[in-house]
Participant: 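Mind looking over this structure? Questions follow.
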Amino acid sequence: MQGMQGMPGMGGSPVIVINSTPQQESVRETQIQNIETAKTVADVIRTSLGPRAMLKMIFSAHGLVITNDGNAILRELEVVHPAAKMIVDLSRAQDEEVGDGTTTVIILAGEILHLAEPLLKRGIHPIFVVAGYSRALDDIMEHLYKISFEVDLDDRENMMKLLRNTLGTKMVRSHIDLFCGMALDAVRTVTRVVEGKKDIDIKRFVKIEKVPGADISDSCVIPGVVINKDVTHTGMKRRIENPRIICLDCSLEYKKGESATEVQLERAGDFEKLLEIEEQYIKRMCTEILKHKPDIVITEKGCSDLAQHFFFRAGVVALRRFRKTDNDRIARASGATIVNQVDELQESFVGTKCGLFEVRKLGDEYFSFLTDCKDPQACTLLLRGPSKDHLNEVERNLHDVMAVAKNIFLEPRLVLGGGATEMSTAQMLREKAAAIAGREQFAYQAIADALEVIPRTLAANCGVKPIRQITQLRAKHAEDPETNRAWGIDGTTGKVAKMDELNIWEPLVVKSQSLKTAIEASMMLLRVDKIVSGSKKSKGNNGPQMSGPPPMYY
C-alpha cells in the first residue's frame with residue numbers, strides 16, 4: 001500500500017490515500033503465518049483425541065481446569081493472533097451446534113491448512129485451492145449421507161452403545177454406563193413434539209446440580225426439579241404429597257418507591273397508620289393467593305416476614321428468590337403457569353402434576369425436591385463426587401453426551417467412527433480426483449490426504465507407529481471400498497479393526513458438522529492475503545505508533 005500514498009495533488013502536494021504507518025504483511029507471509037498459527041493451535045490439543053487422550057492442566061483466571069475437552073482447553077488459553085482466534089472459535093461453534101467433535105474440528109482445520117502450504121509455494125493461486133476445497137466439500141457431504149444409516153430410537157441398548165462412544169474418550173469412562181443412561185433419560189424426559197417437530201431444549205429444562213461429597217456412583221437423574229433452597233419459615237412443612245403449586249413473578253413485599261421517596265408524618269398516629277396500610281397490602285395479596293388453596297407458593301422475588309406469617313398460619317410452604325430458569329422448570333414440571341400479579345390468578349394456573357415435595361439435606365446444604373411428576377418434561381441431573389474440579393469435568397462430559405443424544409433424536413442417522421469414515425471418504429476423493437482437470441485437482445487431493453489425520457492421531461495417541469497403521473488402512477479401503485468401509489483404528493489398542501464389530505459409531509450430524517466447519521474455515525483463512533495491524537494514538541504522543549501482528553500465547 002506504500003505506493004498509494006504519494007499521488008500528487010493539484011498543488012503538487014501528495015494526497016494520502018491509506019496511512020502507511022500500520023504494519024502490513026506481504027501476501028505470502030500472511031498466508032504462511034496463518035497456516036502456521038492454525039497448525040500450532042491444533043498441536044496443542046492433538047493428544048486429547050480418542051480413548052487414550054491425555055489430560056491438560058490449565059491455570060487460568062477461573063482457577064484450575066483439568067480436562068481433555070477441546071473446547072474447554074482452548075477457551076482457557078490466552079490467544080491473541082487473529083487467525084488463532086478464528087480457529088479457537090471453530091471449537092466453540094462446534095460445541096454450541098452439536099456438542100461433540102470439538103477436538104476433531106481443530107485438528108482437521110490445522111491439517112487442511114498445513115497441506116495447503118505446498119500448493120501455495122508451488123505458485124497455485126488461493127482461489128484455485130479454495131475452489132478445489134469447495135468441490136471436495138460437496139462430494140464429502142453427499143458421500144457421508146450415502147454411507148450413513150438410520151437407528152431405532154426405541155432400542156435402548158443400541159442407544160447406549162452409541163453414547164458409550166462419546167464418553168469412551170472422556171474422564172468419566174469408568175462410570176460410562178451410569179452417565180450414558182443419565183444422558184439418555186434426561187433427553188427423553190425433555191423431548192416433546194410441537195406442530196409435528198421434535199423440540200428438545202436441554203439448556204432450559206435440564207438442570208445439572210453439583211453437590212460435592214458421597215461417591216460418583218450416587219449420581220442420578222431426577223424427573224422433576226431440585227433447587228438449592230430451603231423453606232422461608234422454620235415451622236413450614238418439609239414434605240407434602242401431591243402439592244398444589246403456585247408460581248409467581250412478583251414480590252410478596254410492600255411495594256417500595258422506584259426513586260427517593262419521602263413520607264411526612266404530622267401526627268403521632270400516622271406511623272401506625274402507615275404500618276397498617278403496608279400490612280393490609282400484604283394481607284390482601286396473601287388472601288388472594290390463599291383463595292386457590294395452594295400448598296406451595298414459589299416466587300422469583302422476595303417474601304416479607306409478614307407474608308411468611310400468613311402462609312405459615314394457613315399451612316402453606318413459601319419459597320423465595322428463585323432464578324427465572326428454575327421457575328420455568330418448576331412450572332413445566334408441575335403444570336403451573338407463572339403469574340406476574342396475584343390478581344390474575346386462576347384455578348387453571350395452579351400446578352397439580354407434582355407428586356411429592358420434600359426438603360432434603362445433601363452435604364451441608366438443604367435442597368428442595370419436586371419429584372414424581374406426571375409427564376415432567378423437565379429434569380435435574382444430581383451429580384455427586386469427591387471435589388468441585390472433578391464435578392466440573394463430569395458436567396462438561398455430560399453436556400457433550402446429552403448434545404449427542406439430542407442430535408441422534410433429531411436426526412437418527414449414524415456413520416462409522418474410529419477414522420473409518422474419514423478413510424472411506426478419502427478413498428472416494430482420490431477416485432474422483434482423477435476426473436478433475438486443472439489446478440483444482442491438487443487441492444481436491446489435499447483434502448483426501450488431510451482426512452487421514454484423524455486415524456493417524458488415534459494411532460499415535462495409543463503409542464503405536466501410525467505410518468504402518470495408515471498404510472494398512474489405505475490398502476484395505478483401496479482394495480474394496482464398499483466391503484472394507486468399516487475398517488478403522490481401534491482407539492484403545494491402536495490396531496486396525498472393523499468398527500462395526502467394535503460398535504464404534506458417530507452421529508452423522510456431528511461428523512458432517514466437523515468436516516463442514518473445518519473445510520469452510522480453512523477456505524476463509526486461505527483467502528486472507530494481508531494482515532493490517534492498525535494502532536491508536538497514545539496519550540501525549542501526536543504521532544501514530546507502529547505495531548506488528550500480535551503474537552499468540554498458549
Participant: Assess whether a salt bridge exists between Asp43 and Arg46, defined as any Lys/Arg side-chain N lying under 4.0 Å from an Asp/Glu carboxylate O.
Facilitator: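 Between Arg46 and Asp43 there is a salt bridge, with a charged N closer than 4.0 Å to a carboxylate O.
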Participant: Just by distance, do the side chain of Thr421 and the backbone of Leu416 share a donor-acceptor pair under 3.5 Å?
Facilitator: yes
Participant: Just by modelled atom types, is the Val225 backbone N or O under 3.5 Å from a matching donor or acceptor in the Arg329 side chain?
Facilitator: no
Participant: Heavy atoms, side chains only, cut-off 4.5 Å: are Met182 and Met402 in contact?
Facilitator: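 Heavy-atom side-chain distance check fails, nothing below 4.5 Å.
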Participant: Output yes when Asp185 and Arg156 qualify as a salt bridge under the 4.0 Å nitrogen-oxygen rule, no when they do not.
Facilitator: yes
Participant: Is there side-chain contact between Glu506 and Thr166, with heavy atoms separated by less than 4.5 Å?
Facilitator: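 Side chain of Glu506 against side chain of Thr166, heavy atoms only: no contact under 4.5 Å found.
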Participant: Can you run down the salt bridge (Lys or Arg N to Asp or Glu O under 4.0 Å) pairs that involve residues 455-472, sequence neighbours left out, and say none if there aren't any?
Facilitator: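 Counting only pairs at least two positions apart or across chains, the salt bridge (Lys or Arg N to Asp or Glu O under 4.0 Å) contacts touching residues 455-472 are Glu111-Arg456.
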Participant: Assess whether a salt bridge exists between Arg92 and Asp89, defined as any Lys/Arg side-chain N lying under 4.0 Å from an Asp/Glu carboxylate O.
Facilitator: yes
Participant: When you compare the side chain of Phe179 with that of Asn397, does any pair of heavy atoms fall below 4.5 Å?
Facilitator: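 No - every pair of side-chain heavy atoms lies 4.5 Å or more apart.
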Participant: Answer yes when Glu479 and Lys476 have at least one side-chain N-carboxylate O distance shorter than 4.0 Å, and no when they do not.
Facilitator: no
Participant: Does some side-chain heavy atom of Thr47 sit less than 4.5 Å from a side-chain heavy atom of Lys56?
Facilitator: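 Lys56 reaches Thr47 side chain to side chain.
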Participant: Do His477 side-chain atoms and Trp487 backbone N/O form a donor-acceptor pair below 3.5 Å?
Facilitator: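 Checked: pair present.
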Participant: If we ignore hydrogens and angles and just use 3.5 Å, is the side chain of Thr380 paired with the main-chain N or O of Val226 as donor and acceptor?
Facilitator: yes
Participant: Run the numbers on Gln445 and Gln441 for side chain to side chain donor-acceptor pair (under 3.5 Å), then give the verdict.
Facilitator: CA-CA 6 Å; Gln445 178 73 27; Gln441 179 184 9; over 6 Å; no
Participant: Is it true that Gln94 and Thr102 share a donor-acceptor pair across their side chains at a distance under 3.5 Å?
Facilitator: no
Participant: Mind checking whether Arg439 and His125 have side chains closer than 4.5 Å, heavy atoms only?
Facilitator: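 When only atoms from C-beta onward are counted, His125 and Arg439 do not touch, as no gap falls below 4.5 Å.
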Participant: Sub-3.5 Å donor-acceptor pair from the side chain of Arg384 to the main-chain atoms of Val211, do we have one?
Facilitator: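 Answer holds: yes.
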Participant: When you measure from the side chain of Ser424 to the backbone of Ala420, do you find a donor-acceptor pair of N or O atoms at a distance under 3.5 Å?
Facilitator: no
Participant: Checking Ile140 against Ile519 for the side chain to side chain contact (heavy atoms under 4.5 Å, CB included) test, could you report, in this order, the C-alpha distance in whole Å, the side-chain angles of both residues, the deciding distance, and whether it holds?
Facilitator: CA-CA 11 Å; Ile140 288 173; Ile519 295 176; 3.8 Å; yes
Participant: How about Leu451 and Leu515: do any of their side-chain heavy atoms sit closer than 4.5 Å?
Facilitator: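 When only atoms from C-beta onward are counted, Leu515 and Leu451 do touch, with a gap below 4.5 Å.
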Participant: Closer than 3.5 angstrom, by distance alone: can the side chain of Thr191 be matched with the main-chain N or O of Val187 as a donor-acceptor pair?
Facilitator: yes
Participant: Taking side chain to side chain contact (heavy atoms under 4.5 Å, CB included) as the definition, give me every residue that meets it alongside Lys406, ordered by chain and number, with sequence neighbours left out.
Facilitator: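 If we apply the side chain to side chain contact (heavy atoms under 4.5 Å, CB included) test to Lys406, skipping adjacent residues, the hits are Ile200, Ile202, Leu410.
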Participant: Do any N or O atoms from the side chain of Ser219 and from the backbone of Ile216 form a donor-acceptor pair under 3.5 angstrom?
Facilitator: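 Side chain of Ser219 to backbone of Ile216: a pair is present.
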Participant: Are the side chains of Met524 and Met86 in contact, using a 4.5 Å heavy-atom criterion?
Facilitator: yes
Participant: Give a yes or no answer on whether the side chain of Thr37 reaches the backbone of Gln33 with a donor-acceptor pair at less than 3.5 Å.
Facilitator: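 Between the backbone of Gln33 and the side chain of Thr37 there is a qualifying donor-acceptor contact (under 3.5 Å).
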Participant: Would you say the side-chain atoms of Asn165 pair up with the backbone N or O of Trp505, donor to acceptor, closer than 3.5 Å?
Facilitator: yes
Participant: Looking at side-chain heavy atoms only, is the closest gap between Asp389 and Ile66 below 4.5 Å?
Facilitator: no
